[in-house]
Each structure stands twice: as C-alpha cells, then as structure tokens.
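Keep in mind the model is a prediction, meaning the values are calculated, not measured. Chain identifiers are assigned alphabetically (A, B, ...) following the order of the sequence lines, protein sequences preceding nucleic acid strands; residue numbering begins at 1 within each chain.
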Amino acid sequence: MTAIRCPHCGATNRAGSNFCNACGADLRMDDAPLSPDQLGARSADQPAPSASAAPSVEPTSPEQDPAQESGQESARPLFDLGLASPGAEEQWLADQPWLQAEGDEAPWEEGDEIPADEPQDDEAFAPIPEGRLITGVQGLLSPLNITSRVDQQSLVSPSLPPSARELSLDEIRRIRRLMAEEPSPLPAGEWRPPRRWPTLRIPWIFWIIGLSAFLPIALLLGNLGGEPRQWPGVQEAYATIDALPPGATVLVYWAYDPATSGELDQVAEPVVRHLLDKRAHLVVVSTLPGGPATARRLVAKAALDSDARSRGAGRTLERTPSLPDAATFFRADARMVANVFLAGGVAALPLIGEDLPAALGVDAAGLEQPPALTLVFAARGEDVQYWLEQVQPRNRAPVIAVASAVVDPQARPYWDSGQLKGLVSGFDGAYSYERLRTPFRTATPQSERARLTAQNWGQIALLVVIGLGNLAAILGFRREA
Amino acid sequence: MKSPTLLLTRSITVIALVAIFALLALDRAQVFGDALRPFANRLFAWAIVLGGVALLLGAINVAWVHLRRVQVGAPDWIGSLALLVALFVVLAAGLVDPAGTANPLVEWLFDAIIAPGQATLFALLVFFMAAAAYRYLRIGRPGGAWILVGALLMMLTQLPVASGWLPPGVANFTVWLLEQPGMAALRGALLGSSLALALVGLRMIVGRR
Amino acid sequence: MDAFFTLSPALIANAGLWIGFLFSLMIFSAILGDHFLARLTQYILVGAALGYVAVLAWQEVLRPRLFTPLWTATRAGDPADLWLWALLALAVLLFAAGLERIFRTPTARKGSGGWRAIMAVLGSIPLAIMLAVAVAAGVIGAMEGTIFPQFMRAAQTGLPWRASPGDLFLGALMLFITGGSLIYLRADRQLIEQQPPILRQVLRWWAGLGKRALWLAAGLVFARLLVARLTLLIARMEFFMIHLEQTGLWRWAESIWARIGGG
C-alpha cells in the first residue's frame, strides 16, 4: 500500500488523497507516495519529518538520508518542493497559507468538515489511535496547554538561522497535528477546507453547551422533571455509614481539590452531613496541596447545616453566602480530629495503613480508636486504586468510594470484587444519597432544582451535539457514495 | 563510554531499589514477623519529608525560570512578573505567620484566586469534551459504533428527564452493561495496567531499563 | 495583616468575592480566544498556587516532621534520634543537588568533575530512595490490591460450578471478556501470528471480543466523563449567578430587560 505524508502535519495519507485525513490540508501539490518500508520506518506516531528534511536549506549528506539508510533505491526526498535555491523557502511558505501567521483572519472561522475523500473506517489511516477517547479521561487535559497559542510569526521569523527555522517548521507541524487530533479552542483558522453541508463550527458547540448550562440556572427555566438514576452501590454506601456507631472514627482520603470541587463537593456533601449526623470523628488526609483547605470548607458547610438541623431550623443552607470566616473554620476544625497534607504521593500512602498516628504526625493517644471506615473522595479512578493497593491491605478497614462520575465505571471491578463496600458517584449519586438520607423531604431545595434542570438541558445539548456529529458523518458518506 | 559519575549514580539507584524492595516485600510477607516494620515505616516517613523538599524545589525552579524571563524581557514577561509577585505575596503571608496556610490572608487568597481560578479552568474542559464528542464519537470511526452505543445508552440512562419515558428495560440493560461486560473489560484493562506496572518495576529492580 | 481583617471583614470578604468573580470571568473568556488578560490571570493563578504549595510543604511537612523534632531534642539537650539526623542529611543533599541543577549555567557540563560530580552522586541517594520506595510500594501494592484480588474474583465469577446454566454461561462470558481485553492490551501480536493456524484464529477472535468490549466500556466511561465535566461547568455557572444575585447586578439587569421588553 502506498501513502503520502502531509507536508502540513506529517500524518500519513492514502496515495491520491486530495486532503489530509488528520488536518485537512491540501495534498494535491505533491503525490509522492511512501513505500511500505518507509511507512514502517516512520510510523505515524513518530514526529513528522521537518519540511526541510526534504526541502532542506542545508543540503543533507547521504549518510543522513533516511531513505538511503533504509536501502531505498532513490535518495529523492519525501517532499521535493524544489526549495534548494535561495529564497525558495520563502516562496514555499508563501504558497502554504497554513504556515503563515494568521494575520487578519478571525479565530473560530474553521468549520468542521468531513474529509469525504477518504473512508473513515480504514484503521491503518485513522488519525486517532484506538482508545483515543480514553486518553485524558482523568481530566488531566490541561486547559493551559489547550488555550496556548502558537506564535507562528515568531516561530518562522526570517531572522532565525536556517537550523532554527527547520526546527520551527517541524514544531509547527507537530502542533498542527496535535490540534487536528484534539479539539482546540483556537483552531487557528488559517486554512479553510472546501465548504460542505452540514457545517457545525466548534464555537457554536461551545455556545450550545454554555447556554444550556447557564440559562436554566439564570432564568430558572422550567424543570423538565425526572429523577436521576440510583446506581448500584449507593444504597450499600448509605447502609454502611448508617450502621456506624455514634462517635466512630472515620478516615477520609480527600483526593480532590478546588479544580474538581464543583462536582465532588456535591457528591461529598450529603455523605459528610450523614457522618456528622452520626457524630463521627473525621480524620482527613490528602496528597493534594489544595485538599486540606477544600476539606475544611466542605466540612464547615456541612457542620453549619447539621447544627441548623439539630436546632430544628430545617435546611438553611441554600447557597454559601460569602467567603468562609473564622467562625466557619472553627466549626470545621471542631469536627475533624486531623486534616493533614502528605507530600510524596503514592509513597506516602502505606504509612497511613501501617501507622496512622505517625502519618498524621500526632500522638497515638490523639486517636482514640482505629478507623471503623474509610471514605475515598476521588476525582480520578487511580485515587481509589491507590488506596485499595497501598492502604486497605494494611489496615483492612472497609472502603467506600465517593467519586466523580467518571470514576464509576473504572471502580466497578473493585465494587464487584468486594474491595469497595459502597460507590457513590456523580451528580446522580449525590442526589440518590441525599434522598436516602432525607426520605421524608417533600420540597426540593431551589439550588438542587436548578442543578437538575441544568443537568437536563446540558445533557440534552450534549446528545444533540453527538447527534449532529453523526448526522454530518452519515451525510458525508452518502454523498461520497 | 559512560562517565564514572553516571555509573555510580546508576549503581546507587539499583542498590536502593533492590534493598528497599526486598525490605518491603519481606515485611509484607511477614517473613520475620513485625521485625522489619519499623524500618519500612521509617522509609515511608522519609518519602513524605523528601517529597516536601521536592515540592519546594519545584516552586523554586518555576520561580527561577520566570525570574529569568523577566530579566531577559521574554514575551509575556509581565505575566512572569505577576506570577512572581503572586508567589511572593502568598509565600510571605504564609511564612511570617506560624499558622501558615491558615493565615487569614492566605485563606483569603485561596478563596479569591486559587479556588475560583482552578475551578474555572477545569469547567472549561466540558467545551473541549463536547467538541471531542462531536468530532470523534461518530459511527464511521474505528470502533465508533460500539463506543457510540455505550455512550448513548449511558447518556440516556443518566439523563434525569429520561427516567420518565425511557423504557425500564433500556435502563436496566445499561446497568447490566456497566456491571457485567463493561466491568469485565475494564477489569482486563486494570489487570493489564497493573501487570505492566509490576513488570516495569521488576525490570528496574533487576537493573534492566 | 490580621488587624486589617478584623477592622473590615465584610469589605475584605466582598473584595474576595469580586476578585474571584472577575478572575473566573477572565479565565473563562479564554474560550473566546487567546488574550493577554486571560494569560495574565493564569500566570497569577500559577504563582499563587506555587506559593501556597511552598508554604504547605514547609508548614505541614518539613517543619513538623523534621525541624521541630530536631529542634526540640537539641534544646532539651537530648541526643536526637540518629534517624532524624540521617533524614536531615538526605533532605539537605536533595535540596543542594536540586539547587545545583536549577541554577546550573548552560555552559556548565553535567557532572563535569569536581564538586558538581560529587553533588550529582550524593544527590542521587535521596532520589534513589524516593524512587525505590515508590516503585517497591507500587509493585507490591499492585500485586496485593489489584492483580491478586481481581484475578481471584474473575476466576470465581467465571467458573461458578454449582450455578444454573444461564449463570454459568454469563460467568464464562465475563471471564472470556476479561481475558480477551487482557490479550488485546498486553499480548505480543507477533507472538500471536507465530502460533499454529487454529490457535491463531482463536486468539484473534478472543482479542477481537476483548477489543469490542473495551470499546463499549470506553463509551460508558466517556459518557460519564462528559457528565462529570458538565457538572463542573454547572457549578461555575451557579457561582456566577450567586455573585450576580448578591451584588444586585442580576436584579439591575432584569429591570433593564423588563424596560426593554415593556414589562
């Protein structure tokens, strides 16, 4: 099978392709095919050859030529664009609008297009490796990287020496390729593929999702009704905590910080309230720098609510009124035996299981009894896994995972094997747990209603987006047929 | 040819790996009862303290990089300066008070800057996830039909409003998928990753990279 | 500093809310395109977070676990625990070697003889200890917490000898899926191709089953991931609304809207 390499992003494409399968660049300028050996020698995962590897400004010696090294009969560069002559590279750059600085083009002009010229189901040419969707599942897709803009003007500045320019072009290709594989808030917009219908621009998706989350909360849009589903594990988690004797010591691994507190606070709050109702002594440990502070705020909020309930004032906390003050923190500190940050990551965890007072840095007398239960408040599946590997085999305390929605499928094997005694995850887990805790509640608080409404609209918007993507794909295939 | 420094460094690493692995494994296997436990616990306690030193070094490294950016007037040097000022303010407020991070100013900075900033950065992820879903959750991609079926079933089942009209059989089927084949596949993935970790670790311990 | 907070706590709290609100808005605006203010807020965020981490490392780790015990023992005239002195030495070595690497000039060659080489070797001791503890704990933990219990559970559910035929089939299917995904993820494909034809076909089919189950599971995970991230956005929107309501801005906007609409 022959293939050509995209001069724009370096991805391999079927010979004869008009546009790159990965980035959509125009390939018609050069159809030089890659032999299977060349394909094997440079897989798609390797960095793309720099433009100057072929149109080199500095002539490449024969022993540096990969084609010759691999015994190819021709030393012809992969993309001989005839740039050996002085000034030719500038001309070549001028002919490649996608390598130019963006200039007056507004961002967000790139529409999503189906490259209908190539079949999408050919795995050998698929730009996305299998399992791509699992990548980044842990939420480690850093927005800082995503939102960073590549300053092409500076990268291809003519003032740079030739070697630096080669590097720059190579870098540009790599970045382009990454941008083609991952969704980007700044899809440079420098190259516009031929227009086809339907075209849904990425900013439109952003608007759909943003408004679907904002408007229901802002305008208190009509609640669509319905109740979140109770997943297996919630009932068991509730029963385990409810069976705790009053004043039991509960060890909490606080594996989330403000970055994910928007979701995790919702899930953790009913559980912490339940623990405070049971007058449990909380021992909080965290390996995240922001963990102890997040714990302090949530426990304070739950304590305020718990105190109000015990006074018979009913549920008072609809929304946190302001920044926490000293009195609020005092409430939290009174409910926690310890709230400790442990540096060292995974290597610090075994000590919690072996010698809890040493891990906490307190006297053994400070802990009246060993933990009767452990809760893992986890934003990532690995947090549950690490606890079950490093601590649970040592202290043998039963473990309940209170986690982000994404952790749920990943923690199911542990739930099935009995290593987890309960599993509460996501907004639906939080709702179900609160329902179990307050079964006779008649009115849903306004904040909870607003969240549910926003969940309904937001998830419908996501379904619409997925549907439109598939519609576009199906229409693209039909037209090709 | 490897330099003596490199050889010495590697030797130290391998010796430490072998000795500490043997110590911890013998302790977990209770070969000598609890005799090795204090040594094992001391190593874990050391890892916590050395981890703290590593965190400090990380902060110093970033501060130094940005200080140099300010010195040479690199692009966005004002941003680097702002970073240094923010770092210094928090550091000064936290270190002058024995309360450290419980100092009111540090608490206030946490609530006013760190918490909202981090939360907003992560809230942006849904936009990119939606764009990813639009582009990649398509039936024509490799495995697309399977992924799409799994995703749509889960999305419909977890949609609150769908609880009113979604046939119970569909929701129950999704739960079955989650608890049986999905769980079994993810158990395979879990075992695979754990085996890989164990193999890589053992290769390091026996000195093969 | 504390006096300042005592004098006007309400003002300070309100200022904090406003700064948090504006800060969030500026970061949020990055979605519309890259601009200086969005970048500036991210720089400030990183700086503040790093300062926080440094304070925490000192206050929660180094001071209570290393320096206070040493200081207390020294002041009391007791010979401090030798292990603590050893830890102090390791910490100093790590810190010094780290500083040497951070402040090393570009012209200085790595480990080029003299004190740099000594520093590199000595600095590798605490690093080796950290690495070894992490690797050893990781390997032993993976065996104890995942590999052994998960294999056992897979075998138990896959071979329920006294179960009904339906359960037996389901259990065997689950065991096949687990094995298939393990083969798909871990087995050497060249090794599979070298097997006799029948075994090769079986292994291919088995890996194919695992691959499809993994795809299905990926769909489930992705849907949960979407809703997890959506929940983060909703929480932020709620934060914006709380702020707008508290400051009266939302009521003001509503009144303007009512006038425009003639309401």
Do side-chain atoms of [X] reach the backbone of [Y] as a donor and acceptor pair under 3.5 angstrom?
X	Y	value
C:Gln59	B:Ala99	yes
B:Thr9	C:Ser124	no
C:Arg63	B:Pro98	yes
C:Arg236	B:Ala123	no

Heavy-atom distances under 4.5 Å only: say whether [X] touches chain C with side chain, backbone, both or neither.
X	answer
B:Trp46	both
B:Ala130	backbone
B:Ser80	both
B:Leu81	neither
B:Leu8	side chain
B:Phe88	neither
B:Leu148	neither
B:Gln158	side chain
B:Leu109	neither

Counting C-beta onward and ignoring hydrogens, is there a side-chain heavy-atom pair between [X] and [Y] closer than 4.5 Å?
X	Y	answer
B:Leu24	C:Val139	no
C:Thr146	B:Leu190	yes
C:Trp215	B:Val149	no
C:Tyr52	B:Ile113	no
B:Phe128	C:Arg229	no

Parallel, tilted or perpendicular, judged at 30° and 60°: which one describes the rings of B:Phe127 and C:Phe28? perpendicular
Largest heavy-atom contact set with chain B, pairs under 4.5 Å, which of [options]:
options	result
C:Leu185, C:Val61, C:Val53	C:Val61
C:Leu40, C:Val121, C:Leu22	C:Val121
C:Leu50, C:Leu220, C:Val135	C:Leu220
C:Ile19, C:Ile177, C:Leu45, C:Leu232	C:Leu45
C:Leu226, C:Leu66, C:Ile234	C:Leu226

Calculate, to the nearest 0.5 Å, the distance between atoms [atom1] and [atom2] belonging to [X] and [Y] respectively.
X	Y	atom1	atom2	answer
C:Phe23	B:Thr120	CZ	OG1	9.0 Å
C:Ile125	B:Ile12	CD1	CD1	4.5 Å
B:Met154	C:Arg224	CE	CZ	5.5 Å
B:Leu125	C:Leu230	CG	CG	12.0 Å

Do you know the tightest heavy-atom contact between C:Val133 and B:Phe44? CG1-CD2, 3.8 Å
For the residue pair B:Ala151 and C:Ala223, what are the closest heavy atoms and their distance? O-CB, 3.5 Å
Answer yes or no: are there more than 12 heavy-atom neighbours, outside C:Phe240 itself, under 6.0 Å from its atom CZ? yes
Considering only heavy atoms, which portion of C:Phe103 lies under 4.5 Å from any heavy atom of chain B: side chain, backbone, both, or neither? both
